[in-house]
Amino acid sequence: MVFSSNPLALSVPEPAFESWLRDTGYLEILDHRTSSAAAASPAPSSAAGSFFSRLVTFFSLFTLNPFAKLTADDFAADTPSWSRSFFAFFDSYSFPSSPSQARLRVQENIKRYARNYAYLFILFFACTLYKMPVALVGLILCLALWDFFKFCSHRWGLEQYPLTRQCLIRAAQCATAVILIFSNVQMALFCAICVSYAGVILHAAFRKLTPVKQPSVGRSR
């Protein structure tokens, strides 16, 4: 859908224009329009009202589904630059003016920085295992157990004895569950997920939608 300039169509409906901005990739303009609209709206009557409005916007972040628009192709793309794109400068951040702007930022930034967030989760999980050495030992024991089972399966030719192989697999699964539970690996994973989720939500909501490479539009002569 393209809006051509002509004397009979000097304006388009607001929802149609915003939909066109979203479909063509001009999300930073849509983000700026949302901020401008919130600034132009009547301000709260008191500082308490302004604080309450910001509090509602903040808590609305944790009611969003940040992975609603995420696809496998987002992880296949190149990793954005950590310094210039992901973290950027201080002026690249602002408090979302409304829950709708926060939702827009979260959904789009999750798609843009999916690989960065994945690396951060791995980093948080590694730090959690460093702080919980018993969980690290338990995880290593589980990996060693399955590597030993694979070695024995090839050495003894267990593929020829499917019933025996299935019994050993079930025994290895039970042993793995016992090791994971007693070494608190699940707690380390839970802590890493919580910290990563909070970091992703906050960064994606406060990070402005910076311009991306736009399609070149030229006039036909």
Side-chain angles (χ1 to χ4, degrees), residues 14-15 17-19 21-23 25-72 74-75 77 79-80 82-129 131-132 184-212:
E14 192 75 11
F17 182 57
E18 291 186 356
S19 177
L21 288 175
R22 186 187 299 272
D23 294 340
Y26 292 94
L27 295 171
E28 72 281 357
I29 300 178
L30 186 58
D31 186 25
H32 178 71
R33 284 169 59 85
T34 307
S35 299
S36 301
S41 61
S45 56
S46 62
S50 176
F51 175 77
F52 180 75
S53 176
R54 285 177 172 264
L55 199 62
V56 170
T57 301
F58 177 78
F59 281 109
S60 70
L61 299 177
F62 298 94
T63 64
L64 305 176
N65 180 12
F67 311 109
K69 300 177 62 177
L70 195 62
T71 62
D74 298 323
F75 292 97
T79 305
W82 288 91
S83 57
R84 296 191 303 272
S85 181
F86 185 74
F87 291 111
F89 298 99
F90 182 77
D91 57 356
S92 299
Y93 298 86
S94 68
F95 195 93
S97 58
S98 64
S100 60
Q101 185 185 43
R103 185 181 303 107
L104 173 68
R105 288 183 178 181
V106 168
Q107 292 179 349
E108 297 302 329
N109 281 329
I110 288 288
K111 290 178 65 66
R112 290 186 181 183
Y113 307 118
R115 291 174 63 91
N116 301 82
Y117 294 138
Y119 288 138
L120 285 179
F121 169 74
I122 296 174
L123 177 63
F124 290 146
F125 186 54
C127 292
T128 306
L129 292 177
K131 299 295 291 186
M132 302 175 63
N184 278 335
V185 174
Q186 74 280 4
M187 183 58 65
L189 183 62
F190 177 75
C191 293
I193 291 176
C194 290
V195 173
S196 301
Y197 180 80
V200 166
I201 287 291
L202 293 177
H203 178 271
F206 285 84
R207 181 71 166 86
K208 294 180 182 179
L209 295 176
T210 53
V212 295

inquiry  = Working note: Tyr113 + Ile110, criterion side-chain contact (heavy atoms from CB on, under 4.5 Å); need CA distance, chi angles, decisive distance, verdict.
reply    = CA-CA 5 Å; Tyr113 307 118; Ile110 288 288; over 6 Å; no
Working for side-chain contact (heavy atoms from CB on, under 4.5 Å), residues Ile193 and Phe121 = CA-CA 7 Å; Ile193 291 176; Phe121 169 74; 3.8 Å; yes
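Side-chain contact between Asn116 and Pro80 is present, with at least one heavy-atom pair separated by less than 4.5 Å. Within the 4.5 Å cutoff, the side chain of Ser92 has heavy atoms near those of the Arg207 side chain.
Distance CD/Gln186 to CZ/Phe190: 11.0 Å, rounded to 0.5 Å. Atom-to-atom distance recorded for Leu120:CG and Cys127:SG is 10.0 Å, nearest 0.5 angstrom. Taken from NZ in Lys208 to CG in Asn109, the straight-line distance is 12.5 Å, to the nearest 0.5 Å. Here the NZ-SG distance, from Lys131 to Cys191, works out to 12.0 Å after rounding to the nearest 0.5 Å. Here OG of Ser60 is found 7.5 Å from CZ of Arg103. Values are rounded to the nearest 0.5 Å. Within the model, atoms CG of Leu129 and CG of Leu189 stand 9.0 Å from one another, a figure rounded to the nearest 0.5 Å.
Ring to ring, Tyr119 and Phe124 are not that close: their centroids are 6.0 angstrom or more apart.
Between the side chain of Gln101 and the main chain of Ser97, a donor-acceptor pair closer than 3.5 Å is present.
In summary, the side chains of His203 and Tyr117 do present a donor paired with an acceptor at a separation below 3.5 Å, with no hydrogens or angles considered.
Counting all heavy atoms, side chain and backbone alike, Thr128 lies closest to Ala192 at OG1-CB, 4.1 Å. Here the closest heavy-atom approach between residue Leu61 and residue Leu202 is recorded as CD1-CD2, 4.4 Å. In terms of heavy-atom proximity, Ala88 sits nearest to Ser85 at CB-O, 4.1 Å.
Remark: Lys111 engages Asp74 in a salt bridge (charged side-chain N to carboxylate O under 4.0 Å, His left out) (not counting sequence neighbours).
Aromatic ring pairs are classed by plane angle as parallel below 30°, tilted from 30° to 60° and perpendicular above 60°; the pair Phe67 and Tyr197 is tilted. In this structure, Trp82 and Phe86 have perpendicular ring planes: the angle between them is above 60°, well past the 30° mark.
Note that Arg105 lies outside the cation-pi zone of Phe206, set by a 6.0 Å cut-off to the ring centre and a 45° limit from the axis.
Residue Tyr93 qualifies as enclosed at atom OH: its count of foreign heavy atoms under 6.0 Å is above 12.
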